[in-house]
Amino acid sequence: MRRLKIKEILTTGQPGDKILVKGWVRTKRESKNVNFIALNDGSVIHNLQVVADTSVYDAKLLHDINSGAALSVTGVLAESQGSGQRLEMIAEDIMILGKADPDRYPIQPKKHSLEFLRENAHLRFRTNTFGAVFRIRHAMAFAIHKYFNEKGFYYLHTPIITASDAEGAGQMFRVTTLHAQNPPLTEDGKPDFTRDFFGKPTNLTVSGQLEGELGAMALGEIYTFGPTFRAENSNTTRHLAEFWMIEPEMAFYDLKDNMDLAEEFLKYLIDYALINCSDDLQFLAERLKQEEKNKPMNQRSMDLLEKLSFVSQSDFVRITYTEAIEILKNSKPYKKNAFQFPVDWGIDLQSEHERYLVEKHFQRPVILTDYPKEIKAFYMKQNDDGKTVRAMDVLFPQIGEIIGGSQREEELEKLEKRMKEMNIPIEEMWWYMDTRRFGSAVHSGFGLGFERLILFVTGMGNIRDVIAFPRTPKYAEF
RNA sequence: UCCCUAGUAGCUCAGUUGGUUAGAGCGGCGGACUGUUAAUCCGUAGGUCGUAGGUUCAAGUCCUACCUGGGGAGCCA
């Protein structure tokens with residue numbers, strides 16, 4: 001008999017159908033004559049209720065059906081007498097594929113804290129919450145490829161190991177095969193990287209952008225979607241040492257085209273989730289609502305589904321950095337001295353400032369553009385004012401910066417001048433400079449933190465809960 | 001890295017101004033029950049109080065250091 005997935009059974013199954021299912025026991029409810037087994041196979045958030053007549057089955061067999069056990073069950077579908085579900089399965093044959101010792105199995109049929117589940121990340125997929133999160137994460141990854149494919153972008157695989165340390169996006173993880181205690185030394189006593197695997201110092205990538213630009217300047221529109229690494233000692237709910245990033249790079253796009261793409265892209269992804277992940281989103285929305293019951297009224301956030309619909313339907317506000325500083329200087333918290341950090345043209349905006357703009361002043365996503373060149377990277381297109389660059393940051397409620405991007409500097413002389421000012425080793429970057437030497441053109445791109453997107457879409461509060469096996473300072477378990 | 005906060009049963013927590021034998025709920029186990037919805041009812045086992053020092057007649061409780069978790073900040077995606 002062909003095995004049916006529970007998703008299929010619950011949507012198209014009919015009473016009388018004889019079927020085979022396999023899955024894991026969530027809960028078992030016992031009474032004298034009949035046992036109810038809630039079986040889940042991961043295909044949907046819903047369980048299949050398996051009904052086992054106690055007179056038909058060996059007591060030992062029923063005894064071993066605990067939370068976590070894997071079962072194979074054949075039986076007949078029937079309209080459920082209970083009110084919790086349309087269909088249920090009257091079991092005819094139950095086989096225990098793998099037992100789960102109830103004394104040792106950590107995922108009990110009760111509410112667990114996210115912290116506890118994080119320590120049991122290998123088993124947390126078996127909970128409703130993490131099942132939902134990781135199904136949504138998959139759907140978002142798929143939607144990203146779908147979106148770009150439909151728009152004619154090519155998926156370019158930029159390298160994970162890189163010798164370039166010019167990006168300046170953060171501390172990098174060194175990649176080496178040299179002996180940690182006794183590396184070969186140069187004459188002045190330093191590790192001799194000419195004898196390392198690649199013959200020079202190498203690192204895990206912090207961004208695929210520079211290589212992405214090379215692809216865009218031939219293929220037209222490309223995107224990368226892969227793991228990225230930062231060796232920063234940051235301990236927050238929004239940072240990981242290993243995370244996934246989506247970086248499109250487009251020839252002939254100026255900053256406005258770039259913003260249009262970013263906005264359309266984010267809305268597409270949110271809509272995709274609303275349409276294709278409604279069961280999981282509904283569960284997460286309900287979960288969030290329960291959690292927020294303990295919070296005071298003014299700290300509660302919008303319902304998850306409302307929030308997603310709202311963002312997908314509202315126009316993102318687009319203002320320049322200079323305008324944002326003006327708004328902040330005229331704001332109540334500024335006048336009341338309620339900001340912890342100063343507001344002045346030239347400073348980098350702090351979380352509290354971004355929060356104010358997005359959550360209080362505009363109450364919708366905001367795209368800030370044209371930042372002072374001093375606080376942005378060397379490759380950004382310099383404006384004629386000599387002070388600002390064509391950067392754009394997309395700010396979302398609660399999570400802050402979800403996208404950072406810019407129009408790139410395509411003029412060789414300007415780029416070289418800026419690199420010299422910022423002490424970027426131009427000679428090592430000869431391949432990057434070549435794009436400006438040969439057939440240079442206006443182009444743009446941005447980076448979207450995948451986990452931050454998932455945070456927003458799922459409403460989860462900690463980035464460690466939207467990646468299967470988080471890597472953070474002092475933590476690389478599993 | 002900085003600030004705040006917590007660590008007591010498998011989980012979530014309570015534990016009074018330091019004082020006898022450390023508690024509850026959930027979960028587990030045993031039993032009861034005519035179909036349950038993280039069932040209900042009765043019973044039961046389960047603890048080196050994060051680690052190492054210190055103060056004290058006496059420390060889960062006070063002090064110091066360290067470890068780990070959580071929240072916030074910085075850096076950023």
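These values consider heavy atoms only, across backbone and side chains, with no hydrogens, waters or symmetry-generated copies. Letters A, B, ... are given to chains in the order of the sequence lines, protein chains preceding strands, and every chain is numbered from 1. What you see is a predicted model; the values in this text were computed from it and never measured.
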Under the salt bridge (Lys or Arg N to Asp or Glu O under 4.0 Å) test, residues paired with A:E8 that sit two or more places apart: A:R2
task: With sequence neighbours excluded, tell me which residues meet salt bridge (Lys or Arg N to Asp or Glu O under 4.0 Å) with A:D53.
output: none
message: Could you check whether any side-chain N or O of A:N40 sits under 3.5 Å from a backbone N or O of A:R26, counting only pairs where one atom can act as donor and the other as acceptor?
response: no
- prompt: Do A:F450 and A:F243 have ring centroids that are under 6.0 Å from one another?
  reply: no
- prompt: Is there a salt bridge (Lys or Arg N to Asp or Glu O under 4.0 Å) between A:R137 and A:E451 once you walk through the steps?
  reply: CA-CA 8 Å; A:R137 185 180 164 113; A:E451 283 76 17; 3.0 Å; yes
Let me know the distance between [atom1] of [X] and [atom2] of [N], rounded to the nearest Å.
{"X": "A:M172", "N": "B:A77", "atom1": "CE", "atom2": "C1'", "value": "16 Å"}
{"X": "A:H353", "N": "B:G74", "atom1": "NE2", "atom2": "C1'", "value": "13 Å"}
{"X": "A:E477", "N": "B:U68", "atom1": "CD", "atom2": "P", "value": "13 Å"}
{"X": "A:F116", "N": "B:U8", "atom1": "CZ", "atom2": "P", "value": "13 Å"}
{"X": "A:L448", "N": "B:C76", "atom1": "CG", "atom2": "P", "value": "18 Å"}
{"X": "A:I463", "N": "B:C75", "atom1": "CD1", "atom2": "P", "value": "17 Å"}
{"X": "A:I144", "N": "B:A77", "atom1": "CD1", "atom2": "P", "value": "17 Å"}
{"X": "A:K376", "N": "B:C75", "atom1": "NZ", "atom2": "C1'", "value": "12 Å"}

Would you mind telling me which of [options] lies closest to the side-chain atoms of [X]?
{"X": "A:T237", "options": "B:U12, B:C29, B:G72", "result": "B:G72"}
{"X": "A:R452", "options": "B:A77, B:G74, B:G28", "result": "B:A77"}
{"X": "A:R464", "options": "B:G28, B:G70, B:A77", "result": "B:G70"}
{"X": "A:R230", "options": "B:A73, B:G71, B:A77", "result": "B:A77"}

Using atom [atom1] in both nucleotides, what's the gap between [N] and [M] to the nearest angstrom?
{"N": "B:G19", "M": "B:U5", "atom1": "C1'", "value": "29 Å"}
{"N": "B:C11", "M": "B:A38", "atom1": "C1'", "value": "14 Å"}
{"N": "B:U40", "M": "B:G25", "atom1": "P", "value": "13 Å"}
{"N": "B:C26", "M": "B:A22", "atom1": "P", "value": "22 Å"}
{"N": "B:A58", "M": "B:G54", "atom1": "C1'", "value": "15 Å"}
{"N": "B:U37", "M": "B:G43", "atom1": "C1'", "value": "25 Å"}
{"N": "B:G60", "M": "B:G47", "atom1": "C1'", "value": "11 Å"}
{"N": "B:A24", "M": "B:C42", "atom1": "P", "value": "14 Å"}

Set of side chain to side chain contact (heavy atoms under 4.5 Å, CB included) partners for [X], sequence neighbours left out:
{"X": "A:P201", "result": "A:R174, A:F193"}
{"X": "A:Y155", "result": "A:H145, A:H157, A:Y223, A:F225"}
{"X": "A:E421", "result": "A:K417, A:R418"}

statement: Whether each nucleotide of nucleotides 34-48 of chain B has a protein heavy atom under 4.0 Å at its base (B), only at its sugar-phosphate (S) or at neither (-) is summarised, 5' to 3', as SBBBBB---------
Name the nucleic acid region contacted by [X], choosing base, sugar-phosphate or nothing; use a 4.0 angstrom heavy-atom cut-off, strictly under.
{"X": "A:D348", "value": "sugar-phosphate"}
{"X": "A:F243", "value": "base"}
{"X": "A:H46", "value": "nothing"}
{"X": "A:I402", "value": "sugar-phosphate"}

Could you pull out all residues at least two apart from [X] that satisfy side chain to side chain donor-acceptor pair (under 3.5 Å)?
{"X": "A:K7", "value": "none"}
{"X": "A:D279", "value": "A:H46"}
{"X": "A:N462", "value": "A:R464"}

If you restrict it to nitrogen or oxygen atoms, what contacts under 3.5 Å exist between nucleotides 1-6 of chain B and the protein, and what is each distance?
{"from": "B:U1", "atom 1": "OP1", "to": "A:N233", "atom 2": "ND2", "distance (Å)": "2.7"}
{"from": "B:U1", "atom 1": "O4", "to": "A:N235", "atom 2": "ND2", "distance (Å)": "2.9"}

- request: Considering just the side-chain nitrogens and oxygens of A:Q350, establish if one lies under 4.0 Å of OP1 or OP2 belonging to B:A73.
  value: no
- prompt: OP1 or OP2 of B:A73 sitting under 4.0 Å from any side-chain N/O of A:R238?
  reply: yes
field: Stem segments of RNA chain B by first residue number [Watson-Crick or G-U, under 3.5 Å, at least 3]
entry: B:1-7 with B:67-73, B:10-13 with B:23-26, B:28-32 with B:40-44, B:50-54 with B:62-66
- prompt: Does A:D370 come within less than 4.0 Å of A:R390, counting only side-chain N to carboxylate O?
  reply: no
task: Before accepting this row, confirm whether a basic side-chain N of the pair A:E323/A:R318 lies closer than 4.0 Å to the acidic partner's carboxylate O.
output: no
Which atom pairs, donor and acceptor, lie under 3.5 Å between side-chain atoms of residues 467-478 of chain A and protein residues at least two apart or in another chain?
{"from": "A:R471", "atom 1": "NH1", "to": "A:E477", "atom 2": "O", "distance (Å)": "2.9"}
{"from": "A:R471", "atom 1": "NH2", "to": "A:F478", "atom 2": "O", "distance (Å)": "2.6"}

message: By nearest heavy atom, map A:L349 and A:N462 onto RNA chain B; which one lands nearer the 5' end?
response: A:N462
